[in-house]
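Quick caveat: nothing in here was measured; it's all calculated off a predicted structure.
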Amino acid sequence: MPKQKKSPSKSKAGKKALRKILRQVASLPLRKSKEGKIEVLLVTSRETRRWIIPKGWPMKGKKQHEAAAIEAEEEAGVIGNTGKKAIGYYFYDKRRASGQVELCRVSVYLLTAVRELDNWPEKNQRDSRWVSTEIAAEMVQEFELAELIRNIGSIQHLSI
C-alpha cells in the first residue's frame, strides 16, 4: 500500500503558508475639547507617515495596559489614566526593514489624557494631532481601528 501524503497543514510547506500573528498593544488617547466633545490623539508612523495611534510591543514585566500607556508617553507625549481592559483590537500588516510583511493584532486600551509633555522621546520623529472622533476615523487606514474610534461614544464606562 502506498504511503499517504501528509496534509498541507502538517507539511513544511503548509506551515510556511500559515501566517504567524504578532501581537502589539496600543493606547487610544482621549480628551474633551473646550466644547465638551471627545477628541482623539493621532500620531504618524515613522516610516510611512500614516496616521495611527501610539502602539508597540508588549513589555516584559509590564501588564498590557501599562505598556500601552508607556507607548503613548514615548510616541505622543501624553500621560493619562489607562483602562485595564482592552476595548477591542485591530489587525494591520507590519512591514519589516527586510521587506517581509507580518500580520499584527493590536489590542487597544483607552487612555484618558491628564497631561501633555513639552518633550518626549519621539517628538521629532512623528507628527501628532488632536481631532474629533469623526475626523480620526477618516484619517486612519485600518478599518477595524476606524470602527473602534467611531464607537467610542457608545462605550458604557467612558468617563473623560
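- For the atom pair Lys32 NZ and Lys37 NZ, the distance stands at 12.0 Å (nearest 0.5 Å).
- Annotation: the span from Lys94 atom NZ to Cys104 atom SG amounts to 6.5 Å, rounded to 0.5 Å.
- When all heavy atoms are compared, the tightest approach of Glu73 to Pro121 is O-CD, 4.2 Å.
- Taking all atoms of both residues into account, the shortest heavy-atom contact from Ile149 to Ala137 is CG2-N, 3.9 Å.
- Using cut-offs of 30° and 60° for the angle between ring planes, the Phe91 and Tyr89 rings count as perpendicular.
- We find the CZ-CG distance between Arg129 and Leu41 to be 11.0 Å, quoted to the nearest 0.5 Å.
- The minimum heavy-atom distance between Ala67 and Lys62, with the atom names listed, is N-CB, 4.4 Å.
- At least one donor-acceptor pair closer than 3.5 Å links the side chain of Ser33 to the backbone N or O of Glu35.
- Side-chain contact between Leu42 and Val131 is present, with heavy atoms from C-beta onward closer than 4.5 Å.
- Between Leu103 and Asp93, the closest side-chain pair of non-hydrogen atoms falls below 4.5 Å.
- Rounding to the nearest 0.5 Å gives a distance of 10.0 Å between OG of Ser107 and CD of Gln24.
- Looking at Ile87 and Tyr109, their side chains never come closer than 4.5 Å, going by heavy atoms from C-beta outward.
- Side-chain contact check for Ile152 versus Val40: some heavy-atom pair is nearer than 4.5 Å.
- Across all non-hydrogen atoms, the minimal contact from Thr82 to Ala69 is OG1-CB, 3.3 Å.
- The nearest pair of heavy atoms linking Pro54 to Ala72 is CB-CA, 3.7 Å.
- When side chains are defined from C-beta on, Tyr90 does not count as touching Val140, because their heavy atoms never get closer than 4.5 Å.
- For the residue pair Glu47 / Ser45, no side-chain donor-acceptor distance below 3.5 Å is found, with atom types taken as modelled.
- Electrostatic pairing of Arg96 and Glu102 counts as a salt bridge here, judged by a charged N lying under 4.0 Å from a carboxylate O.
- Atom CZ of Arg115 has 12 or fewer neighbouring heavy atoms from other residues, nucleotides or ligands inside a 6.0 Å radius.
- The side-chain heavy atoms of Gln64 and Met59, taken from C-beta on, include no pair separated by under 4.5 Å.
- Checked options Arg126, Arg46, Lys123; the residue passing with Glu75 is Arg126 (criterion: salt bridge (charged side-chain N to carboxylate O under 4.0 Å, His left out)).
- Residues Asp127 and Val43 form no side-chain contact, since every pair of their non-hydrogen atoms from C-beta on lies 4.5 Å or further apart.
- Using modelled atom types, one finds no donor on one side chain facing an acceptor on the other under 3.5 Å when comparing Gln141 with Tyr92.
- Heavy atoms only, all atoms of each residue included: Leu111 and Ile79 are closest at CD2-C, 4.3 Å.
- Every residue was checked against the ring pair (Phe, Tyr, Trp, His ring centres under 6.0 Å) condition with Phe143, not counting sequence neighbours, and none meets it.
- Partners of Glu138 under the salt bridge (charged side-chain N to carboxylate O under 4.0 Å, His left out) rule, at least two apart in sequence or in another chain, are Arg150.
- In this model, a donor atom of one side chain and an acceptor atom of the other lie less than 3.5 Å apart for Glu116 and Trp130.
- The local environment of CZ in Arg95 is sparse, with at most 12 non-hydrogen atoms from other residues, nucleotides or ligands closer than 6.0 Å.
- Here Asn81 contributes atom CG and His65 contributes atom NE2; the two are 10.5 Å apart, rounded to the nearest 0.5 Å.
- Taken to the nearest 0.5 Å, the OG atom of Ser132 stands 7.5 Å off from the CD atom of Glu39.
- Counting only heavy atoms from C-beta outward, the side chains of Thr44 and Ile52 never approach each other to under 4.5 Å.
- Note on Val78 and Ile53: separate hydrophobic clusters, where clusters join Ile, Leu, Val, Met, Phe, Trp and Tyr whose side-chain heavy atoms are under 4.5 Å apart, directly or indirectly.
- For the pair Lys55 and Glu71, the salt-bridge criterion is not met [side-chain N within less than 4.0 Å of a carboxylate O].
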